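Let me begin by presenting the structure, written as structure tokens, before commenting on it.
Residue numbering restarts at 1 for every chain, and letters A, B, ... go by the order of the sequence lines. Just so it is clear, the model here is predicted, and its values are computed rather than measured.
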There are 2 protein chains.
Amino acid sequence: MLTKKQYDLLMFIHNRVQNDGVSPSFDEMKAALDLRSKSGIHRLITALEERGFIRRLAHRARAIEILRLPENVDGTGTRGGFRPSVIEGDLSRRPEPKDAISAMGGQTVNEDVDAQSVPLIGRIAAGIPIEALNTGAMQIGVPSMMMSSSGEHYALEVKGDSMIDAGIHEGDIVVVKRQASADNGDIIVALIEDHEATLKRLRRKGGAIALEAANPAYETRLYRSDQVKIQGKMVGLIRTY
Amino acid sequence: MLTKKQYDLLMFIHNRVQNDGVSPSFDEMKAALDLRSKSGIHRLITALEERGFIRRLAHRARAIEILRLPENVDGTGTRGGFRPSVIEGDLSRRPEPKDAISAMGGQTVNEDVDAQSVPLIGRIAAGIPIEALNTGAMQIGVPSMMMSSSGEHYALEVKGDSMIDAGIHEGDIVVVKRQASADNGDIIVALIEDHEATLKRLRRKGGAIALEAANPAYETRLYRSDQVKIQGKMVGLIRTY
DNA sequence: CAAAGAGTGAACACATATAGAACATGCGGA
DNA sequence: TCCGCATGTTCTATATGTGTTCACTCTTTG
């Protein structure tokens with residue numbers, strides 16, 4: 001759990017981000033908490049990072065991102081804090097998925113765990129469509145650090161060994177961020193000719209799209225760009241022994 | 001997450017894309033932010049790209065794509081262009097994870113996320129002791145399914161490639177359950193002669209203990225059982241791309 | 001192909017921001 | 001009470017952010 005100071009600081013940052021879109025500098029936080037030194041802020045920030053409430057880019061100004069909030073986001077404002085527009089009450093989370101981008105991630109937040117739930121929606125393998133086990137889609141907890149704060153994520157269980165040289169084994173669970181485009185070299189979920197989903201590395205060659213397996217036993221296959229729809233980009237992997 | 005200037009520029013680009021359908025040139029951005037040089041814009045653009053707000057095509061004019069906006073911006077009605085398409089019609093998402101999970105009747109005590117925190121206490125590699133135990137032990141969220149309900153768990157970052165054939169790469173995080181014994185074939189954290197910690201596969205040979213790497217470049221080493229102390233057994237792996 | 005348009009990037013000067021050490025204080029639990 | 005921990009402070013050291021100028025390179029277009 002957080003100390004009061006840590007909580008205050010987290011709320012201050014959150015409010016600032018909500019209102020300005022810009023995270024505060026150490027000096028501004030210092031003023032907000034009524035301190036005379038930025039070092040105190042530094043330690044609080046470090047503590048928040050350790051506890052998984054925020055994430056930072058090292059050595060970048062104002063590069064703070066809020067990953068989650070404590071359970072009781074009630075805004076017992078110490079200072080003249082503004083109410084966040086998105087978060088209300090304690091457990092009532094936002095009902096509108098379309099807001100998922102403007103709010104923090106759109107997944108549930110637990111009181112003390114640096115993780116979020118994503119749906120495990122099926123399996124994926126070379127040559128085999130994603131099975132729809134939509135019914136009762138299982139939820140799986142995924143470390144927040146694995147996901148970007150915005151966007152939608154889902155999980156798939158890996159079948160087959162086509163990506164084994166990338167350290168992706170049968171039975172592993174891959175976490176995917178849903179997006180329609182990706183960069184060269186990304187591992188993506190690709191839907192081929194609207195019926196076959198596969199996990200491969202993306203490589204663009206001129207106007208064509210190459211889908212590379214990470215296993216010499218499988219050949220790279222080339223497609224026209226209209227044959228392939230990118231369903232998302234792999235952002236993480238979870239394996240249980 | 002962003003500095004004021006970065007935020008201003010992002011908003012300017014966003015508005016221009018919304019209104020004109022074309023992203024502004026550096027000169028136009030220069031004028032908009034009241035600068036006298038495009039170089040400043042160039043650096044801001046680089047910063048925005050680094051932070052994942054925009055994407056660019058190198059050496060292409062006006063080839064800026066907005067990936068996301070800061071959290072305070074209401075994206076309603078503006079997201080049409082880059083809302084990724086869904087995987088398949090009937091696989092579409094389940095926007096209310098909490099309902100899904102409670103509807104499944106899982107015996108979750110933690111009503112929200114199926115995960116727990118474990119401390120990330122250091123790094124491990126062949127031949128190198130586990131570094132620094134306490135200094136700012138960062139907590140990491142780990143799926144509950146990865147851990148047994150009892151027992152103590154911790155996490156280590158992997159250095160080196162000695163287990164690469166087991167799909168364990170440099171930078172991966174391994175989740176370990178603390179225990180003093182393990183079965184043949186388990187991957188364990190072993191402390192050798194009280195000074196060297198290593199991640200290896202356990203193989204007992206008569207009275208001796210063999211520690212096998214999963215990389216042909218490393219040799220299996222044999223120890224007397226009094227030379228090796230088992231620190232725990234690997235139960236999971238987490239990788240972020 | 002040449003010119004215009006667009007983007008890159010080094011270098012300099014300041015302004016801001018972050019990192020940490022070192023030491024002091026106050027509070028709650030063993 | 002003693003100890004550990006979160007917290008406050010002061011100071012010092014670095015690193016990053018910003019605005020500018022200048023010299024190119026790359027693309028697009030007539």
Return no unless some side-chain N or O of [X] is found under 4.0 Å from OP1 or OP2 of [N].
X        : N       : result
Ser39(B) : dC22(D) : no
Arg36(A) : dT9(D)  : yes
Lys5(A)  : dG8(D)  : yes
Ser37(A) : dC11(D) : no
Arg60(B) : dT25(D) : no
His42(B) : dT8(C)  : yes

## Note on the structure
Checking dT20(D), dT10(D), dA17(C) against the side chain of Ser25(A) (C-beta onward), the nearest is dA17(C)
### Query
Looking at the side chain of Arg62(B), which of dA6(C), dT28(D), dG8(D) is the nearest nucleotide?
dA6(C)
Let me know the distance between [atom1] of [X] and [atom2] of [N], rounded to the nearest Å.
X        : N       : atom1 : atom2 : result
Ile64(B) : dA6(C)  : CD1   : P     : 12 Å
Asp34(B) : dT18(D) : CG    : C1'   : 13 Å
Leu9(B)  : dT18(D) : CG    : P     : 10 Å
Phe26(B) : dG19(D) : CZ    : P     : 15 Å
Ile45(A) : dG8(D)  : CD1   : C1'   : 16 Å
Arg51(A) : dC5(D)  : CZ    : C1'   : 10 Å
His59(A) : dT18(C) : NE2   : P     : 12 Å
Arg56(B) : dC26(D) : CZ    : C1'   : 13 Å

### Summary
Comparing Ile41(B) with Glu50(B), nearest DNA chain D nucleotide closer to 5' gives the residue Glu50(B)
### Task
With DNA chain D as reference, determine whether Leu35(A) or Lys38(B) sits nearer its 5' end, using the nearest nucleotide of each.
Leu35(A)
### Message
Between Arg43(A) and Glu50(A), does any side-chain N to carboxylate O distance fall below 4.0 Å?
### Response
no
### Query
Between Lys4(B) and Asp8(B), does at least one N-O distance fall below 4.0 Å, as a salt bridge requires?
no
### Task
Report yes or no: does Asn15(A) contribute a side-chain atom to a donor-acceptor pair with the main-chain N or O of Met11(A) at less than 3.5 Å?
yes
### Message
Could you check whether any side-chain N or O of Arg51(B) sits under 3.5 Å from a backbone N or O of Met1(B), counting only pairs where one atom can act as donor and the other as acceptor?
### Response
yes
### Glu170(B) vs Lys159(B) side-chain heavy atoms within contact, under 4.5 Å
yes
### Task
Report which part of the nucleic acid Leu44(A) touches: base, sugar-phosphate, or nothing (heavy-atom distance under 4.0 Å, all strands).
sugar-phosphate
### Query
More 5' along DNA chain C: Pro24(A) or Arg43(A), using each one's nearest nucleotide?
Pro24(A)
